[in-house]
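Quick caveat: nothing in here was measured; it's all calculated off a predicted structure. We name chains A, B, ... by the order of the sequence lines, and we start the count at 1 in each one.
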Amino acid sequence: MKTTISQVSKHLNEEVTIGAWLANKRSSGKIAFLQLRDGTGFMQGIVVKADIGEDKFQEAKALTQESSMYVTGTIVEDTRSPLGYEMQVTDFEIIHEAVDYPITPKEHGTEFLMDHRHLWLRSKRQHGVMKIRNEIIRATYEFFNENGYVKIDPPILTGSSAEGTTELFHTKYFEEDAYLSQSGQLYMEAAAMAFGKVFSFGPTFRAEKSKTRRHLIEFWMIEPEMAFMDHEDSLEVQEQYVSHVVQSVLKNCKIELEALGRDTGQLEKIQAPFPRISYDEAIQLVKEKGFDDIEWGDDFGAPHETAIAESYDKPVFITNYPAEIKAFYMKPDPARPEVVLCADLIAPEGYGEIIGGSQRIDDLELMKQRYEDHGLTGDAYNWYLQLREYGSVPHSGFGLGLERTVAWIAGVEHVRETIPFPRLLNRLYP
RNA sequence: UCCAACGUAGCUCAGUGGUAGAGCAAUCGGCUGUUAACCGAUUGGUCGUAGGUUCGAAUCCUACCGUUGGAGCCA
């Protein structure tokens with residue numbers, strides 16, 4: 001009977017067949033250990049010469065790394081296995097013999113591994129990270145579907161910049177100029193006016209020459225937008241959403257977190273509500289921690305963010321930034337117009353900003369003024385201004401960066417390991 | 001774009017002015033519970049590229065190319 005490694009617990013003491021690849025192998029004169037992987041998990045197969053016969057045993061000893069095969073054997077419990085189960089192999093059939101697989105069980109450098117990303121994905125570590133990414137995506141759909149959100153897909157090809165500041169990937173749209181989307185947010189505002197609560201999940205592109213462990217050229221964002229919700233309502237959605245995602249990973253990715261050596265005690269604390277500090281307080285806090293390179297009105301750099309995050313064991317919201325350093329569409333605080341109703345959510349353990357969100361300007365005249373103040377001209381956003389012309393309502397939204405969230409939850413250093421085929425500065429292959 | 005470090009065997013690295021090295025991988029042999037298994041043997045090199053200094057350069061100098069980390073900007 002055919003099955004998979006993820007299902008072997010249901011076949012205890014039965015003989016099953018699994019399609020698998022050989023991840024690694026250890027052997028002695030009369031016994032061989034096959035480290036098998038089948039995509040669903042990793043399991044050890046035991047080949048005993050006395051049971052399987054001389055010819056088959058020699059064949060097993062000659063198996064090469066990453067050769068594919070159908071392995072048949074009896075599933076037995078064994079406490080020495082991380083999975084809890086092993087296979088006593090009775091037979092195997094080689095499908096394809098791999099020769100000189102480049103990635104060996106020893107250590108490799110970053111460049112080599114990135115050049116072999118298509119093969120590196122097979123490793124236990126990368127398998128764990130991608131399964132956690134998948135669980136975060138699954139939990140995201142679950143959360144928003146269960147809370148009455150409609151998934152709306154904004155366009156990827158756009159006619160102009162959403163915020164005008166960051167660099168966009170340019171392409172041709174027949175005779176016109178076009179750009180790859182750097183945010184679906186403005187379109188999500190239109191969607192919120194049509195469907196109430198909406199969310200998007202899609203790729204986004206930034207042609208920035210950033211070279212840090214937190215940056216990708218192409219990355220995925222989840223962008224919810226909610227009509228009739230103010231800034232505080234939005235913060236509550238954010239902390240509930242992030243908590244749901246973290247708790248889902250803890251529940252459904254135990255083997256993967258273990259394989260990555262993640263300290264799950266840190267993750268167990270991630271339950272709403274999250275602490276909030278104002279931008280003013282954050283500036284004060286950073287100065288108290290000894291930084292003298294920042295003044296009110298400046299944006300936080302990575303070291304500042306880390307210093308703030310270190311003061312908490314949960315993600316922390318930094319709220320109400322100066323309007324000048326934030327996007328044109330953010331709503332000024334009625335009590336203090338020099339700051340806007342916004343928040344960045346900073347992940348613990350130095351993983352940086354994972355969410356940026358705000359309440360949006362709903363007044364047409366103010367929006368027109370901000371639009372011009374930010375040097376935006378032309379008719380490209382007439383449709384966006386019209387949202388304030390026909391039944392404008394208070395509304396808020398936010399964007400969560402998937403890869404930074406995966407990096408934090410999985411506990412990996414660099415976002416390049418959190419997306420299957422990362423696009424980085426100077427890397428478009430494979 | 002700026003700053004810093006690095007570039008030696010398929011991979012990871014040592015070698016800092018005088019004969020090119022180790023571990024892993026590969027190949028051959030040994031080993032009945034291995035966890036990056038272990039033990040023995042064999043194979044493997046245009047020292048990133050170009051120029052310069054020197055009797056002599058992997059080693060010192062210059063330029064370029066590439067990689068990595070960081071800054072800025074952002075999720």
Checking all strands, does A:Asp78 fall into the base, sugar-phosphate, or nothing category for heavy-atom contacts under 4.0 angstrom? base

Hey, does the side-chain of A:His108 have a donor or acceptor N/O within less than 3.5 Å of a partner on the base of B:C11? no

Determine the Euclidean distance between corresponding C1' atoms of B:C11 and B:G70; express it in Å to zero decimal places. 27 Å

Rounded interatomic separation in angstrom, taking CD from A:Gln65 and C1' from B:C11: 12 Å

Which residue lies toward the 5' end of RNA chain B, A:Glu305 or A:Ala62, if each is placed at its nearest nucleotide? A:Ala62

Without decimals, in angstroms, what is the distance between A:Leu345 CG and B:A75 C1'? 11 Å

Compute the centroid of each ring, for A:Tyr187 and then for A:Tyr384, and state whether the two points are separated by less than 6.0 Å. no

Which listed nucleotide (B:U32, B:C74, B:A37) is nearest to the side chain of A:Arg206? B:C74

What's the gap between B:A20 and B:A57 when it is taken at their P atoms, as a whole Å value? 12 Å

Looking at the rings of A:Tyr279 and A:Phe300, which for Trp means the six-membered one, are their centres under 6.0 Å apart? yes

Name the pairing partner of B:A20, where a pair is Watson-Crick or G-U wobble with both distances under 3.5 Å, or state none. none

Do other residues, nucleotides or ligands put more than 12 heavy atoms under 6.0 Å from A:Lys209 NZ? no

Between C1' on B:A9 and CG on A:Asp100, what's the gap in Å once rounded to a whole number? 14 Å

What does A:Lys61 touch in the nucleic acid at a heavy-atom separation under 4.0 angstrom: a base, only the sugar-phosphate, or nothing? base

Should A:Lys287 and A:Asp292 count as an ion pair when the cut-off is N to O under 4.0 Å? no

Please state the P separation for the pair B:G10 and B:U46 - nearest whole angstrom. 7 Å

Touch class at under 4.0 angstrom, heavy-atom based, for A:Gln88 against every strand present: base

Whole-Å distance between B:A26 P and A:Asn24 CG? 9 Å

Could you state the atom-to-atom distance from CD of A:Gln58 to P of B:C31 in whole Å? 10 Å

So what's B:C38 paired with, Watson-Crick or G-U wobble, going by both distances under 3.5 Å? B:G30

Please work out whether the ring planes of A:Phe143 and A:Tyr241 are parallel, tilted or perpendicular, with thresholds of 30° and 60°. tilted

Assess A:Lys151 against A:Phe144: is NZ or CZ under 6.0 Å from the centre of the six-membered ring, and within 45 degrees of the ring's axis? no

Provide the distance between the two C1' atoms, one in B:U54 and one in B:U16, to the nearest whole Å. 16 Å

Output side-chain donor-acceptor pairs under 3.5 Å for residues 343-358 of chain A, partner residues at least two apart or in another chain, one line each.
| unit_1 | atom_1 | unit_2 | atom_2 | d |
| --- | --- | --- | --- | --- |
| A:Asp344 | OD1 | A:Lys326 | NZ | 3.4 |
| A:Asp344 | OD2 | A:Tyr321 | OH | 3.2 |
| A:Asp344 | OD2 | A:Lys326 | NZ | 3.1 |
| A:Glu349 | OE1 | A:Arg262 | NH1 | 3.2 |
| A:Glu349 | OE2 | A:Arg262 | NH2 | 3.0 |
| A:Tyr351 | OH | A:Val412 | O | 3.4 |
| A:Ser358 | OG | A:Arg360 | NH1 | 2.7 |

Would you say the base of B:A75 stacks on A:Phe219 (centre-to-centre below 5.5 Å, plane angle below 30°)? yes

Could you check how far CD of A:Gln238 sits from C1' of B:A75, rounded to whole Å? 13 Å

Need the pair for B:A50. Rule: Watson-Crick or G-U wobble, both distances under 3.5 Å, any strand; none if unpaired. B:U62

Atom CD of A:Glu258 with >12 non-hydrogen neighbours under 6.0 angstrom: no

Counting only Watson-Crick or G-U wobble pairs whose two distances fall under 3.5 Å, which nucleotide matches B:C2? B:G70

Would you mind classifying the nucleic acid contact of A:Ser27 as base, sugar-phosphate or nothing, using non-hydrogen atoms under 4.0 angstrom? base

CZ of A:Phe195: more than 12 outside heavy atoms within 6.0 angstrom? no

Evaluate the criterion side-chain contact (heavy atoms from CB on, under 4.5 Å) for residue pair A:Arg206 and A:Phe169; output intermediate values, then yes/no. CA-CA 7 Å; A:Arg206 307 263 168 104; A:Phe169 276 101; 5.9 Å; no

Picking from B:U34, B:C74, B:A75, the nucleotide nearest the side-chain atoms of A:Asp299 would be B:C74

Is A:Arg404 side chain donor-acceptor paired with the B:C74 base, going by distance under 3.5 Å alone? yes

Please check if the distance between the ring centroids of A:Phe42 and A:His127 is under 6.0 Å. yes

Pick the P atom in B:C39 and in B:U34, then give their distance to the nearest Å. 15 Å

For the side chain of A:Gln44 and the base of B:U34, is some donor closer than 3.5 Å to an acceptor across the two? yes

If you measure from the P atom in B:A9 to the same atom in B:A22, how many Å do you get, rounded? 14 Å

Rounded to whole Å, how long is the line connecting atom NZ of A:Lys30 with atom C1' of B:G29? 16 Å

For A:Glu86, report the nucleic acid contact type (base, sugar-phosphate, nothing); a contact means any heavy atom under 4.0 Å. base

For nucleotides 67-71 of chain B, tabulate all protein N/O to nucleotide N/O atom pairs closer than 3.5 Å, reporting atom names and distance.
| unit_1 | atom_1 | unit_2 | atom_2 | d |
| --- | --- | --- | --- | --- |
| B:U68 | O4 | A:Lys211 | NZ | 3.1 |
| B:G69 | OP1 | A:Arg416 | NH1 | 2.6 |
| B:G69 | OP1 | A:Arg416 | NH2 | 2.8 |
| B:G69 | OP2 | A:Arg416 | NH1 | 3.4 |
| B:G70 | OP1 | A:Arg213 | NE | 2.3 |
| B:G70 | OP1 | A:Arg213 | NH2 | 2.6 |
| B:G70 | OP2 | A:Arg213 | N | 3.1 |
| B:G70 | N7 | A:Lys211 | O | 3.2 |
| B:A71 | OP2 | A:Arg214 | NH2 | 3.4 |

Listed nucleotide nearest any side-chain atom of A:His215, set B:A37, B:C74, B:U32: B:C74

Would you say NE2 of A:His96 has more than 12 non-hydrogen atoms from neighbouring residues, nucleotides or ligands within 6.0 angstrom? no

What is the separation between atom CD1 on A:Ile217 and atom C1' on B:C73, rounded to the nearest whole Å? 11 Å

Just checking A:Leu216: base, sugar-phosphate only, or nothing, at a heavy-atom cut-off of under 4.0 Å? base

Using the P atom in both, what is the distance from B:G21 to B:G30, to the nearest Å? 31 Å

Heavy-atom contacts, protein to nucleotides 41-49 of chain B, under 4.0 Å, summarised as B (base), S (sugar-phosphate only) or - (none) per nt, yield ---------

Quantified in whole Å, what is the C1' atom distance between nucleotide B:U53 and nucleotide B:C60? 8 Å

Could you check whether A:Lys314 makes a cation-pi contact with A:Phe274, meaning its NZ or CZ is under 6.0 Å from the centre of the six-membered ring and within 45° of the ring axis? no

Does A:Phe112 or A:Phe300 map to a spot on RNA chain B nearer the 5' end, using the closest nucleotide for each? A:Phe112

